[in-house]
Amino acid sequence: MDENGKVTGEMPKLTNDEIKELYKKMVTIRVYDDKTMKIQRQGRVGPYISYLGQEACQVGIAASLRKDDWFFPTYRDSGALYARGMPLKDVLLYWMGDARGFANAGNNFPICIPVGTHPPHAAGAAFAAKIKGKDYVSLATFGDGATSRGDFYEAMNFAGVFNLPVIFVVQNNQWAISVPRSRQTASQTIAQKAISAGIDGVVADGNDIFSVIKAIRYAADKARSGKGATVIELLTYRLGDHSSADDQKKYREQAEVETWKKKEPVERLKKYMLSKGLWSEKFEQDITAEATQAAEKAITDAENIPSQKLDELFENIFSEMTPNLKEELEELKEAYKDRSTESTNKVEKIEGSFP
Amino acid sequence: MDENGKVTGEMPKLTNDEIKELYKKMVTIRVYDDKTMKIQRQGRVGPYISYLGQEACQVGIAASLRKDDWFFPTYRDSGALYARGMPLKDVLLYWMGDARGFANAGNNFPICIPVGTHPPHAAGAAFAAKIKGKDYVSLATFGDGATSRGDFYEAMNFAGVFNLPVIFVVQNNQWAISVPRSRQTASQTIAQKAISAGIDGVVADGNDIFSVIKAIRYAADKARSGKGATVIELLTYRLGDHSSADDQKKYREQAEVETWKKKEPVERLKKYMLSKGLWSEKFEQDITAEATQAAEKAITDAENIPSQKLDELFENIFSEMTPNLKEELEELKEAYKDRSTESTNKVEKIEGSFP
Amino acid sequence: MHMVAAINSALDNEMQRDKNVVLLGEDVGVNGGVFRVTDGLFKKYGADRVVDTPLAELSIVGLSIGMAAAGLKPVAEIQFSGFTYASFEQLVSHAARIRYRSGGKFTCPMVLRSPCGGGIHALELHSESNEAIYSHMPGLKVVIPSGPYEAKGLLISAIRSKDPVLFFEPMKLYRAFREEVPETPYEIPLGKANLGKEGKDVTIISWSTMYHVSMLAAKKMEEENGVSCEVIDLRTINPIDTDTIINSVKKTGRVVIVHEGPRNAGMGAEISAQITEKAMLSLHAPPIRVTGYDTPYPFYKTEKFYLPDIEKVIIGINKAMNF
Amino acid sequence: MHMVAAINSALDNEMQRDKNVVLLGEDVGVNGGVFRVTDGLFKKYGADRVVDTPLAELSIVGLSIGMAAAGLKPVAEIQFSGFTYASFEQLVSHAARIRYRSGGKFTCPMVLRSPCGGGIHALELHSESNEAIYSHMPGLKVVIPSGPYEAKGLLISAIRSKDPVLFFEPMKLYRAFREEVPETPYEIPLGKANLGKEGKDVTIISWSTMYHVSMLAAKKMEEENGVSCEVIDLRTINPIDTDTIINSVKKTGRVVIVHEGPRNAGMGAEISAQITEKAMLSLHAPPIRVTGYDTPYPFYKTEKFYLPDIEKVIIGINKAMNF
Ligand SMILES: Cc1ncc(C[n+]2csc(CCOP(=O)(O)OP(=O)(O)O)c2C)c(N)n1
Ligand SMILES: Cc1ncc(C[n+]2csc(CCOP(=O)(O)OP(=O)(O)O)c2C)c(N)n1
Ligand SMILES: [Mg+2]
Ligand SMILES: [Mg+2]
């Protein structure tokens, strides 16, 4: 699909309803992202990381996996988590600094914060599938920056040696905070890094959901049929700041941003659908309204969940609380005997540190 | 050069005297290795790691570098250190558990013990050359096993991005202790891993010293002229046990060892020289005798160096002894007030641990 | 059996019992481990359950985390504890936290086995005692047995535990002596110290190889000086068995702590601090630390100076007695 | 200046003075660092001396080691101290040991700067206080300033030091307050604590953000309860300034140690152990530890429970006073 939504290659097998559903998901997660950014600016969410411009990656990945497949996301993949079925409320909890966000996450691992450290986990879950004779696949997604970390190469290498049913998806959004792709590696493509592990590397247009789906389906089918691992490089672009603490104007030309805006994935799919008679104002309004309503409810729900007691600080560290933790809990209770022992769901404003 | 010493490709520029000198070095380091193995078995050296079968790599690398180039060796590169001009006595000190072995090592970094952790150091020294405008190159050597470590990929990637004058030499001796090359990575060659960093990868016959020298010279010239980094895979074979604590019969077919014995590098160069009239019994006897004599003297010297005082335990930790170290030193002196405060140069026999 | 055989027996028992138990590491398969700890298991359980990995410690742990989350019980081996540093981030940022950060949904029931400790004239980084750093980083259990019988029972408990456990094996003890060890499985609970020897005058707290050094020093002090020493083998380094320690100290009023790792912010400091906090009024002398020094573990020519030995422990006991 | 400006000024001074000083790290160049600590330096000194690196902490340290050995003075930045774990092996197996293992021939005069500490509602792993593990592993100096003036003087000393120095910068203090800071270079020696406030009844030992919490608690106790508190800012965590601590404790006889990092085998344990060893007879109460708990640094909704605060320090002081 080119910038105008015109199909240029072979289409993946998708019914019209499925295409509409994909579009709906992309619009929905964009609404979610937008809402979260808004309440972040109001101080109702802490640091947040938007995936604006990467919706085709997010939805395309999720739509190409089975529910029992394992997904290992980064901080930039909230959209994929929604598309995988995780409620906005739960993901919001994570961004609200609440450790309960992933307590019912299905086979979605909690967001990986240290960049690039989770490809080995995905390989491990894939190894488990192989040893247990299950046919799920395991997929980790991460950015172009993450591909400079040794963990990534090691995980690819293990995947190659053990022929693991794992997919490494690089969302190459051209920037790692202020470091451009050209400075991240001298390799021509990121996909070619797969050669170092003797596995397949594929480049796809990450702003074209059909291209994304084709690539992931290819890799998932391959993995499921025992033919091993794939690296998929999705070419995309981060349209917003790196995070709510970043200012992208400091390090990149705005002209570049403008160029990429023209290639952005939601508009592109819309153009395609328009050309096929699958899109209407009414459809757009309906799905936007539905998403907005759902978002508002989820935000309210997240903000109104029961607070956390101070005890919870010591839970889920080990399977049972150890003696020193019990002692520390008693100490903490004493320190809070005249104060509220519950967390608030308000994010207190903290001055300073970030510029 | 094939197994029979017949030249098959283009020769590197070498005079007959230079070729004889190379041969002499190879024989000499083989004598050194052999002597060290012998005294190791007599309990006069601790764990030792032989390079038997890899002499062409060892000498070829050293012979292609300048003295002011930086060399980052592993535990298997004692031979290269000798060929770089480090006295056997000093290297023996290292294997005798004496921290003074590298105190006068020129630009030879101490042997790297944690496998594969030193490619970044070589890249760093190369970065220093670049920043300071010097024209030395930096060369790290390591085994096939080391190429599975993230450090290696990261170092290659930095070398690519910053176009560093560094050479990564993989002595692919087919085994990492008991793990065969085929199990180490699914990539067809190790050299192709360089593609992941957008740098050059080269494969050479590591048992043919001419092939080694051509490869290293190519990479060194390239690096010195600002054209960046190279990965060189030298195909070779470890003929002996992994270390003095290993038993290679446990994990590999002896037929394989026999096949490789036929390709071993010293004999091969001898055959070449014979065909060119550069070798004679007398020459062989002379250089062997010279090496044997030198080895015996070096061993005596190493065994007779002044012992270490207990103070030395606390020296060279920081540029100045910190208060807690001073205190600990006093404590130690008290504990040794009725005992000898000097190390012995005998290796006490320790029972047990290793099988 | 010696300790190598006891550990092998524990692995064998558990692999038999639970088909999710999978071993992985460098040279653990065909070669049976460089110390032969996994000897015979590759043949018995096959390449899918005794996995020879590429040389990459980060990933040995990293994959184990994914395997554990997905329902296996990985028992990973890092060839020497000095090479666990490569997997430090995986251990402390992931293995130790996944239960907390997923609100209890994902767990990491893995065991990391690794030979530790000095005294065998090994190369650099082959003699590390780094239990303190892993005990300081929350979320990891740390165990070090001091003999074959203990090793088997503790390892079986570690494998059955739902938490990530670092199981360090003192190399010097691998073949140092034999004990009666049942072929059948049994558990020794984690978190409980062993009272190796009762005594009245002074408590010596130690573990690993140093437990044996402490026992020898204790016997000598008893025979030659009539000082009655109580000797505790800590066995689990995190969480420590504070009750056993405090009970003993309340009785003796004097303490010597003996360990191989560096002193500064080591486990000896923690034990000393806890004793003062909980039993200061029982103390007749400050807790004395006899430990490795704040230097890298030295080259082997000087390792005898570095390691606590009977003489140093006796000096420590005398300091405690004559304060 | 606030602390960000003071650190920037130290870097600027030293880069001016010594052309071998080179900065490297993620986003330190064009972006001036995610906290803007290196703002303007890229423009002033160019891409060869302010190096934006690929995203790889292991190599940021690994290359620095090679650069330092080859005569440069690398000042590396790791974006948050929770990401130094990726470079743990490079730090402890190489940076910390190269001087020893080369008999003094090669050295590693590098500085690793990294923001540390909590209290700013950050994401996971962005609030770590891990000074204890780096102090336990021999061969690294560890410094944490508590204010702008200190930060500049200590950083200049760190850069001029011949040893590897980990320089942790408490994020919460980056822009929390300003101090008079000279534009010109000056040194504050490593290894010397700062007596922040004299007092007679109890010694409070702390550093980083907790120094300020301790000062507030001290003032409150003095005003409301007439307890005279002496407050020490440790500043250098390895090696610690034992003399200053012991002198103070001999005077007051009571101690509270306050730090953010986890308690178990933390620096508080070390300080407590040393105090008991060296001044037990002066003690009227056991040294009290007020610290972070032995849990991962929590998600931010509950971080207020985790962190030592004025109330907790006061409880600690009262424990020491009323023992
Ligand atoms: C190990 C580690 N180092 C640094 C950071 C700080 N950091 C967060 S995101 C980021 C850039 C990541 O870039 P990329 O991998 O391309 O992913 P993107 O954010 O562009 O999606 C950095 C440096 C981190 N979270 N983890
Ligand atoms: C990080 C690390 N892991 C494990 C070891 C133990 N070990 C020493 S050599 C070796 C095999 C290395 O194989 P390779 O890199 O091929 O080099 P070779 O020994 O064959 O020359 C292993 C596993 C080590 N020294 N360092
Ligand atoms: Mg990116
Ligand atoms: Mg090899």
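Throughout, a chain's letter reflects where its sequence line sits, starting with A, and its residues are numbered from 1. Note: hydrogens, waters and symmetry copies are ignored here, and every other heavy atom, side chains too, is used.
- Counting heavy-atom pairs closer than 4.5 Å to chain D, the top-ranked of the candidates B:S319, B:A129, B:A128, B:P323 is B:S319.
- When each of B:E320, B:E327, B:K132 is scored by its heavy-atom pairs under 4.5 Å with chain D, the top score falls to B:K132.
- Of the listed residues (D:I65, D:N238, D:V61), the one with the most heavy-atom contacts under 4.5 Å to chain B is D:I65.
- Other residues, nucleotides and ligands place no more than 12 heavy atoms under 6.0 Å from the NZ atom of D:K19.
- A salt bridge does not link B:E315 with D:R99: every distance from a Lys NZ or Arg NE/NH1/NH2 to an Asp or Glu carboxylate oxygen is 4.0 Å or more.
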* **Worked verdict on B:T322 versus D:T236 for side chain to side chain contact (heavy atoms under 4.5 Å, CB included)** => CA-CA 12 Å; B:T322 54; D:T236 298; over 6 Å; no
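- Rounding to the nearest 0.5 Å places CG of B:N316 at 9.0 Å from OH of D:Y100.
- More than 12 heavy atoms of other residues, nucleotides or ligands sit less than 6.0 Å from atom NZ of D:K251.
- Contact detail for D:L58 and B:P120: the closest heavy-atom pair is CD2-CG, 4.1 Å.
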* Asked: side chain to side chain contact (heavy atoms under 4.5 Å, CB included) between B:N324 and D:T242: does it pass, once the steps are laid out?
  -> CA-CA 9 Å; B:N324 56 328; D:T242 307; over 6 Å; no
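- Neither the backbone nor the side chain of B:L325 comes within contact range of chain D; no heavy atom of the residue lies under 4.5 Å from a heavy atom of that chain.
- Residue D:A56 comes nearest to B:E154 through the heavy atom pair CB-OE1, 3.3 Å, listed as atom of the first residue, atom of the second, then distance.
- Taking OG of D:S93 as the start and NE2 of B:H118 as the end, the distance is 13.5 Å to the nearest 0.5 Å.
- For D:N20, the part lying under 4.5 angstrom from a heavy atom of chain B is the side chain only.
- Minimum heavy-atom separation, D:L72 to B:I131: CD1-CD1, 3.9 Å.
- For chain B, the option among D:G103, D:S161, D:G71 with the highest count of heavy-atom pairs below 4.5 Å is D:G103.
- Considering every non-hydrogen atom in both D:P54 and B:N157, the closest pair reads CB-ND2, 4.0 Å.
- Top candidate by heavy-atom pairs under 4.5 Å with chain D, chosen from B:F158, B:F162, B:F102, is B:F158.
- Among D:A96, D:P74, D:P138, D:G104, the residue making the largest number of heavy-atom pairs under 4.5 Å with chain B is D:G104.
- Taking chain B as the reference chain and counting heavy-atom pairs below 4.5 Å, the highest number among D:V22, D:L140, D:T107 is found for D:L140.
- Note on ring orientation: taking the six-membered ring where Trp is involved, the planes of B:F109 and D:F106 are tilted (angle from 30° to 60°).
- The number of heavy-atom neighbours closer than 6.0 Å to CG of B:N104, taken from other residues, nucleotides and ligands shown, is 12 or below.
- For B:D90, no part lies near chain D; criterion is any non-hydrogen pair under 4.5 Å.
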* Report the C-alpha distance between B:D151 and D:Q90 in whole Å, list the side-chain angles of each, state the deciding distance to 0.1 Å, and finish with yes or no for side chain to side chain contact (heavy atoms under 4.5 Å, CB included). => CA-CA 10 Å; B:D151 317 45; D:Q90 290 291 338; 3.4 Å; yes
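- Between the side chain of D:R101 and the backbone N or O of B:C112 there is no donor-acceptor pair closer than 3.5 Å.
- Looking at D:I98, the atoms closer than 4.5 Å to chain B (heavy atoms on both sides) all sit in the side chain, from C-beta outward.
- B:Y94 OH to D:S102 OG: the interatomic distance, rounded to the nearest 0.5 Å, is 11.5 Å.
- Comparing D:G191, D:S64, D:P239 by heavy-atom pairs within less than 4.5 Å of chain B, the highest count is held by D:P239.
- For B:A155, the part sitting under 4.5 Å from any heavy atom of chain D is the backbone (N, CA, C, O) and nothing else.
- When each of D:R97, D:M67, D:H94, D:K141 is checked for heavy-atom pairs under 4.5 Å with chain B, D:H94 comes out on top.
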